[in-house]
Visitor: 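Have a look at the structure that comes next, please.
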2 protein chains.
Amino acid sequence: MLSIGELSRETGVKVPTIRYYEQMGLITAPERSAGNQRRYSRAELERLAFIRHGRDLGLSIEDIRELLELSAIPDQTCAQANKIAADHLAVIREKILRLKKLEKELARIATGCKGHTIGECYVIESLSNHGLCADGH
Amino acid sequence: MLSIGELSRETGVKVPTIRYYEQMGLITAPERSAGNQRRYSRAELERLAFIRHGRDLGLSIEDIRELLELSAIPDQTCAQANKIAADHLAVIREKILRLKKLEKELARIATGCKGHTIGECYVIESLSNHGLCADGH
DNA sequence: CTTGAAGCTATAGTGGCTAGAGGGATTATA
DNA sequence: TATAATCCCTCTAGCCACTATAGCTTCAAG
Ligand SMILES: [Zn+2]
Ligand SMILES: [Zn+2]
Ligand SMILES: [Zn+2]
Ligand SMILES: [Zn+2]
């Protein structure tokens, strides 16, 4: 049996976050010690590691909740699990595209200032005037 | 003089967001009509457009607040404005790098499932086992 | 003068945590 | 066994940048 601190160290999930996940119903309330402290089993550690991995991959809590529910039914079709992964990949790709556009614009803005005062500053001018931007963002 | 709705249409900033910016002190409380409704001048429209452009470029409210304060002092050096832009560019580039790693991992996960049931699902397996991941994320 | 859109304030909710206050439990050492 | 250090408990509030709702008032067009 692990204390919440040990579980935290083993999974890399911070202690208040573990309690938060319990409150959100992502993990069930564990056993308690005689003095009312949480005590976790190995199965609970694995579940938390699954959650952590999902979060590290950028999945939302709700996606993870659904994947956890699915993973409890080994005989069911995995179409929905595949869809969650595919949808999330699409979201990440869109984010990358958006950020690349921003990067282009910001690289121009951040390197374009040849002046020395605010009155001549290309950064300030660029923010005042979206017409200087190449892409629509 | 513009009503808050007209200002919203002209800048693309939603009405509740304009009120929120006022509350945050990013824009000053405008004149009011006889019936207590907000009335904006062209100068206020330009200030809001500046804010909107900053947000579209991903700057934080605090960065924008600082840039607005700087822009009021045309004779001062613009070093700080340039720094805000450069720092933000660096943040965006880091985000892109992180998302590209995620994309790689997710592309593998989302396209790797050859099974049909949860029990054989590569998505579920990948989440359970970080060892399958190439990069540390 | 009526109607419907638009505006007002105040409060609470979003996601995913994180921080702090004010205590109780456990464990290691003396 | 005493004590001190560390850990853990609950509860509440805060973070960011909005967004939504409720219950009301004002405005502009016909
Ligand atoms: Zn400059
Ligand atoms: Zn622009
Ligand atoms: Zn599958
Ligand atoms: Zn991994």
Side-chain angles (χ1 to χ4, degrees), chain A residues 1-27 29-40 44 47-48 50-68 84 87-88 91-92 95 98 102 137, chain B residues 1-27 29-40 44-45 48 50-68 84 87-88 91-92 95 98 102 137:
Chain A
M1 286 307 211
L2 302 149
S3 74
I4 198 169
E6 288 162 347
L7 184 67
S8 172
R9 253 165 272 132
E10 293 214 29
T11 57
V13 180
K14 287 181 188 158
V15 168
T17 306
I18 296 172
R19 289 196 277 245
Y20 168 74
Y21 287 163
E22 181 182 326
Q23 209 186 318
M24 293 299 102
L26 266 193
I27 55 181
E31 283 183 53
R32 297 283 179 136
S33 73
N36 198 36
Q37 299 194 353
R38 290 170 179 82
R39 293 292 178 264
Y40 295 93
E44 285 164 315
R47 189 176 174 97
L48 186 57
F50 184 104
I51 294 168
R52 167 84 211 254
H53 199 198
R55 291 294 299 134
D56 283 348
L57 288 165
L59 291 165
S60 72
I61 295 284
E62 285 316 307
D63 282 347
I64 293 170
R65 192 194 298 279
E66 203 171 342
L67 289 167
L68 282 166
I84 288 170
D87 286 356
H88 185 54
V91 167
I92 295 291
K95 277 193 187 171
R98 195 187 152 255
L102 283 197
H137 37 126
Chain B
M1 287 308 215
L2 303 148
S3 73
I4 198 168
E6 288 161 348
L7 184 66
S8 172
R9 253 165 271 131
E10 293 214 29
T11 57
V13 180
K14 287 179 190 161
V15 168
T17 305
I18 297 173
R19 290 197 277 246
Y20 167 76
Y21 287 163
E22 182 183 325
Q23 210 187 317
M24 293 299 100
L26 266 192
I27 56 181
E31 284 183 52
R32 297 281 181 138
S33 74
N36 197 36
Q37 299 193 353
R38 291 170 178 81
R39 291 295 177 263
Y40 295 92
E44 284 164 315
L45 182 149
L48 187 57
F50 183 105
I51 294 167
R52 168 83 211 254
H53 198 199
R55 290 294 299 134
D56 282 349
L57 288 164
L59 290 165
S60 71
I61 295 284
E62 286 316 305
D63 282 346
I64 292 169
R65 191 194 299 279
E66 203 172 340
L67 288 167
L68 282 167
I84 289 170
D87 286 356
H88 185 54
V91 167
I92 296 292
K95 277 193 187 170
R98 192 184 155 259
L102 283 196
H137 35 123

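So you know, we letter chains A, B, ... as the sequences are listed, proteins then strands, and number each from 1.
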Visitor: Would you tabulate the side-chain donor-acceptor contacts of residues 10-17 of chain A under 3.5 Å, counting partners in other chains and residues two or more places apart, or write 'none'?
Guide:
| residue | atom | partner | partner atom | Å |
| --- | --- | --- | --- | --- |
| Glu10(A) | OE2 | Arg42(A) | NH2 | 3.3 |
| Thr11(A) | OG1 | Leu7(A) | O | 2.8 |
| Thr11(A) | OG1 | Val13(A) | N | 3.2 |

Visitor: State which residues pass salt bridge (Lys or Arg N to Asp or Glu O under 4.0 Å) with Arg65(B); sequence neighbours excluded, sorted by chain then number.
Guide: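 With neighbours one apart ignored, the set is Glu62(B).
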
Visitor: Name every residue in residues 2-14 of chain A that has at least one heavy atom under 4.0 Å from any atom of DNA chain C, in order of residue number, or write none if there are no such residues.
Guide: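 The answer is Lys14(A).
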
Visitor: What residues in residues 55-66 of chain A put a non-hydrogen atom under 4.0 Å from any atom of DNA chain C?
Guide: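 Close to the strand are Arg55(A), Ser60(A), Ile61(A).
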
Visitor: Can you see which heavy atom on Ile4(B) is nearest to which on Arg19(B), and at what distance?
Guide: CD1-CG, 3.6 Å

Visitor: Using the test side chain to side chain contact (heavy atoms under 4.5 Å, CB included), find all partners of Gln37(A) that sit at least two apart in sequence or belong to another chain.
Guide: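 Expected list: Ser33(A), Arg39(A).
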
Visitor: Looking at Ser33(A), does any N or O in its side chain come under 4.0 Å of the phosphate oxygens OP1/OP2 on dT26(C)?
Guide: yes

Visitor: For residues Ile27(A) and Ile18(A), report the shortest heavy-atom separation together with the two atoms involved.
Guide: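 Closest pair (atom of Ile27(A), atom of Ile18(A), distance): CD1-O, 3.7 Å.
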
Visitor: Looking at residues at least two apart in the chain, or sitting in another chain, which of them share a salt bridge (Lys or Arg N to Asp or Glu O under 4.0 Å) with Glu31(B)?
Guide: none

Visitor: Would you grab the first and last nucleotide of DNA chain D (5' to 3') that comes under 4.0 Å of any non-hydrogen atom in chain B?
Guide: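 Counting from the 5' end, contacts occupy dA17(D) to dC27(D).
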
Visitor: If I compare all heavy atoms of Tyr40(A) with all of Pro30(A), which pair ends up nearest, and what's the gap?
Guide: CE2-CG, 3.4 Å

Visitor: By the side chain to side chain donor-acceptor pair (under 3.5 Å) test, which pairs, at least two apart or in different chains, include something from residues 50-59 of chain B?
Guide: His130(A)-His53(B), His137(A)-His53(B), Arg52(B)-Asp56(B)

Visitor: Is there a residue in residues 17-24 of chain A whose heavy atoms reach under 4.0 Å of DNA chain C, and which residues are they?
Guide: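 Thr17(A), Tyr20(A), Tyr21(A) - these, ordered by number, are the residues of the stretch whose heavy atoms sit under 4.0 Å from the strand.
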
Visitor: Taking the side chain from His88(A) and the backbone from Leu57(A), do they hold a donor-acceptor pair closer than 3.5 Å?
Guide: yes

Visitor: Taking only residues two or more places apart in sequence or in another chain, which ones pass salt bridge (Lys or Arg N to Asp or Glu O under 4.0 Å) with Glu22(B)?
Guide: Arg38(B)

Visitor: Go through the steps to decide whether Leu67(A) and Leu59(A) satisfy the test side-chain contact (heavy atoms from CB on, under 4.5 Å), and finish with yes or no.
Guide: CA-CA 10 Å; Leu67(A) 289 167; Leu59(A) 291 165; 3.9 Å; yes

Visitor: Just how far is it from atom CZ of Arg47(A) to atom CD1 of Ile64(A), taken to the nearest 0.5 Å?
Guide: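 If I round to the nearest 0.5 Å, the distance is 11.0 Å.
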
Visitor: Please report the C-alpha distance between Tyr21(B) and Ile61(B) in whole Å, then the side-chain angles of each, then the deciding distance to 0.1 Å, and finally whether the side-chain contact (heavy atoms from CB on, under 4.5 Å) criterion is met.
Guide: CA-CA 9 Å; Tyr21(B) 287 163; Ile61(B) 295 284; 3.6 Å; yes

Visitor: Take the protein atom CG of Leu26(A) and the nucleotide atom C1' of dC17(C), then report the distance between them rounded to whole Å.
Guide: 12 Å

Visitor: Nearest whole Å is fine: how far is dC8(C) P from Glu31(B) CD?
Guide: 14 Å

